[in-house]
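Only one structure is covered here, and it is reproduced in the block below.
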Amino acid sequence: MTETERLSDRRFFTWLLSLTILAAFLRIYLLAVTQPTGDEFYTIEEAFDYMRRGHYGLEMWHHPKLRNILVFYSIKCWGLNLFGIRFASVLFGVLTVPLTGLVARRLTRSGAASLLAALFMAVDAIHIELSRQAIQEVYMPFFLLMGIYLALRYLENKRAFELICSGLVFGLGLASKWNVAVPLVLTLLFLVFQQLRQHGPTTREKLAECLFYVSALLIIPVTVYILTYFPWFLQRGYDLGEWFATQKIMFAENLVHKGLNPEVLQVQDHSPLLWFIRPVGFADFLVNRNEPVIVLGVSNPFVWLLTLPAVAYLMYNVRRLGWNNLFLLAVFWCSYLPFVLSKRLTGANTALTVTPFAFMAVSAVIVMLLEGKPYRRRLLYAYVGIVLLVAAPLYLMAIGKGFGTVLQPLIELYRPMHER
């Protein structure tokens, strides 16, 4: 590595650390006085019920069980307080920001685009809102990005330990939500493809390597996923056959689940087709000292609405782009289209499976379009300034501080119909 490359790396990681600190501040600020939502109360109850009695729970029984395990031990470690119940979400939410930058750097081959994608994640209102709640939504982008990052590092270094760790991490992702399965399979296919197109190794060596990929990225994740049901096996005395039966029931419920609160159905954005066409939001309602609090995460239009044009631009230029960009496009479309085509009502919280790759595509295209332009830095700074200017009021709503302010008209759009 040359001295210039070392300096470039140092600058990149300095900026990435700064964005991580910013992300931590935005997710921790006033966290200790933000009362739990209804889902969080259920999370606490279900965590103890699962770990002590092996029960799946009542409200979120159809989801995998890693959340119950992490919330239980987090409370054991930090106490039954707001920080204790939210520790895992805050931690994963913060760490998703540098992971977005690290994965983007390997897929876009651009330090500037990587930092821009990390900035988008750091200030994204929906991600901030859900990072401050004890639910599993922010687990998804963290684990899938970590799994991809370790797999891409393995391609560079060929250290078996990194791919094994990738499988372990992907397994934890599956144990958070099944949405992680799509990036997992695509990562496996990408590694297999890269191995088969090499000219040096023999056919036998290639097949042996591919077998290792399957072991690391299929057998290990599935094993980790099953192990997260250990309290259920131990406390309830069920066997593996009964476990398969419950998985089938959970899957069937996930296909049709609409939540338990009819009022929430009125105020949430439930169409994935709209995620990148107009601003969408995810709202929660609670009461703090007899005062109403509306926690509302709304997508930043100057980032989210650029997604489809950016993806289209990358597809148009796919011939001159590398395989890494093709992998980025594949993960985006294969993660996004199943939600669009599904008849199930899907909230904007689920978009966190897709948004890291949307942010990478947008940042990559912005940097590509500005490349060689005489005023590219000024234009880039102006764009970032607009994004941050819009992100500021969106942040206030995401932490429950928009009600009763000039943001009230926007919040009123999410009021249930019978209250208007």
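The two residues Leu352 and Val138 have their closest heavy-atom pair at CD1-CG1, 4.1 Å. For the pair Pro272 and Thr346, the tightest heavy-atom approach, listed with the atom from each and the gap, is CG-CB, 3.7 Å. Closest heavy-atom contact between Gly147 and Val169: N-CG1, 3.7 Å. Of all heavy-atom pairs between Leu16 and Gly101, the closest is CD1-CA, 4.2 Å. Closest approach of Leu217 to Thr187, counting heavy atoms only: CD1-CG2, 4.3 Å. Nearest approach of Leu174 to Tyr225, heavy atoms of both residues: O-CE1, 3.4 Å.
Both tests pass for Lys65 against the ring of Tyr56: distance under 6.0 Å to the centre and angle within 45° of the axis. For the pair Arg159 and Tyr154, the cation-pi criterion (under 6.0 Å, within 45° of the ring axis) is not fulfilled.
In this structure, the separation between CG on Leu184 and CZ on Phe170 is 5.5 Å, given to the nearest 0.5 Å. Taken from CG in Leu306 to CD1 in Ile366, the straight-line distance is 6.0 Å, to the nearest 0.5 Å. The CZ atom of Arg106 sits 13.0 Å away from atom CZ of Phe327, with the distance rounded to the nearest 0.5 Å. For the atom pair Leu326 CG and Phe193 CZ, the distance stands at 8.0 Å (nearest 0.5 Å). For the atom pair CG (Leu91) and CD1 (Ile28), the distance works out to 9.5 Å, reported to the nearest 0.5 Å. To the nearest 0.5 Å, atoms CG (Asn254) and OG (Ser342) are separated by 10.0 Å.
Outside the 6.0 Å centre-distance limit, the rings of Phe357 and Phe332 are not counted as a close aromatic pair.
Checking each of Val362, Leu380, Val303, Thr108 against Leu116 for a side chain to side chain contact (heavy atoms under 4.5 Å, CB included) leaves exactly one that passes, namely Leu380. With respect to Tyr238, the ring-ring contact (aromatic ring centres under 6.0 Å, His included) criterion is satisfied by exactly one of Phe244, Tyr229, Trp232, Phe230: Trp232. Each of Pro183, Ser335, Cys334 was scored for a side chain to side chain contact (heavy atoms under 4.5 Å, CB included) with Val354, with one residue passing: Ser335.
Gln133 places none of its side-chain heavy atoms less than 4.5 Å from the side chain of Thr43. Side-chain atoms of Gln194 and Val192, non-hydrogen and from C-beta on, never get closer than 4.5 Å to each other. With contacts defined as side-chain heavy-atom distances shorter than 4.5 Å, the pair Phe120/Ser363 qualifies. Between Phe87 and Leu70, every side-chain heavy-atom pair lies at or beyond the 4.5 Å cut-off. Annotation: side chain of Pro279 is not in contact with side chain of Asn300 (no heavy-atom distance under 4.5 Å). No side-chain heavy atom of Val90 sits less than 4.5 Å from a side-chain heavy atom of Phe83. Side-chain atoms of Thr353 and Val182, non-hydrogen and from C-beta on, never get closer than 4.5 Å to each other. Two residues are said to be in side-chain contact when any heavy atoms from C-beta on lie closer than 4.5 Å; Ile126 and Ser299 meet this criterion.
No donor-acceptor pair closer than 3.5 Å links the side chain of Arg278 to the backbone N or O of Leu274. No side-chain donor-acceptor contact under 3.5 Å links Asp49 to the backbone of Glu45. Side-chain atoms of Thr307 never come within 3.5 Å of backbone atoms of Phe276 as a donor-acceptor pair (strictly under, hydrogens ignored). Of the possible polar contacts, one joining the Glu129 side chain to the Gly297 backbone as a donor-acceptor pair under 3.5 Å is found. Using modelled atom types, one side-chain atom of Ser114 and one backbone atom of Arg105 make a donor-acceptor pair closer than 3.5 Å. Here the side chain of Ser74 pairs a donor or acceptor atom with the backbone of Gly84 at under 3.5 angstrom. Of the possible donor and acceptor atoms, one in the side chain of Asn157 sits under 3.5 Å from a partner among the backbone N and O of Arg153. Between the side chain of Ser110 and the main chain of Ala113, a donor-acceptor pair closer than 3.5 Å is present.
Within a 6.0 Å sphere centred on CD of Glu371, heavy atoms belonging to other residues, nucleotides or ligands number 12 at most. At most 12 non-hydrogen atoms from other residues, nucleotides or ligands lie less than 6.0 angstrom from CH2 of Trp78. Counting non-hydrogen atoms of other residues, nucleotides and ligands closer than 6.0 Å to CZ of Arg53 gives a total above 12. Surrounding NZ of Lys248 are at most 12 heavy atoms belonging to other residues, nucleotides or ligands under 6.0 Å away. By the neighbour-count criterion of 12 heavy atoms within 6.0 Å, atom CZ of Phe302 is sparsely surrounded, having that number or fewer from other residues, nucleotides or ligands. Counted within 6.0 Å of CZ on Arg236, heavy atoms from surrounding residues, nucleotides or ligands total more than 12; the atom is thus considered enclosed. By the 6.0 Å contact criterion, CH2 on Trp61 is enclosed, its count of non-hydrogen atoms from other residues, nucleotides or ligands being greater than 12.
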For the pair Tyr336 and Leu341, evaluate side-chain contact (heavy atoms from CB on, under 4.5 Å) and give the outcome as yes or no after the intermediate values.
CA-CA 9 Å; Tyr336 178 48; Leu341 300 176; over 6 Å; no

Begin with the C-alpha distance, continue with both residues' side-chain angles, and end with the deciding distance and a verdict on salt bridge (charged side-chain N to carboxylate O under 4.0 Å, His left out) for Asp284 and Arg132.
CA-CA 12 Å; Asp284 277 301; Arg132 296 163 61 91; over 6 Å; no

Please report the C-alpha distance between Arg86 and Glu40 in whole Å, then the side-chain angles of each, then the deciding distance to 0.1 Å, and finally whether the salt bridge (charged side-chain N to carboxylate O under 4.0 Å, His left out) criterion is met.
CA-CA 9 Å; Arg86 294 166 173 164; Glu40 287 184 280; 2.7 Å; yes

Applying side-chain contact (heavy atoms from CB on, under 4.5 Å) to Lys177 and Glu137, what does each step give before you reach the verdict?
CA-CA 8 Å; Lys177 266 195 169 181; Glu137 306 304 327; 3.0 Å; yes

side-chain contact (heavy atoms from CB on, under 4.5 Å) for Leu396 and Thr405? Distances and angles first, verdict last.
CA-CA 10 Å; Leu396 292 177; Thr405 69; over 6 Å; no

Let me see the working for Tyr73 and Met51 under side-chain contact (heavy atoms from CB on, under 4.5 Å), right down to the final yes or no.
CA-CA 9 Å; Tyr73 283 112; Met51 294 302 294; 3.6 Å; yes

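Classification of the Trp178-Phe251 ring pair by plane angle, with boundaries at 30° and 60°, yields tilted. Using the six-membered ring where Trp is involved, Trp275 and Phe339 have ring planes that are tilted, between 30° and 60° apart. Between Phe72 and Phe48, the ring planes are perpendicular. Angles over 60° get that label, and only those under 30° would be called parallel. The aromatic rings of Phe143 and Tyr139 sit perpendicular, their planes meeting at an angle over 60°, well past the 30° parallel limit.
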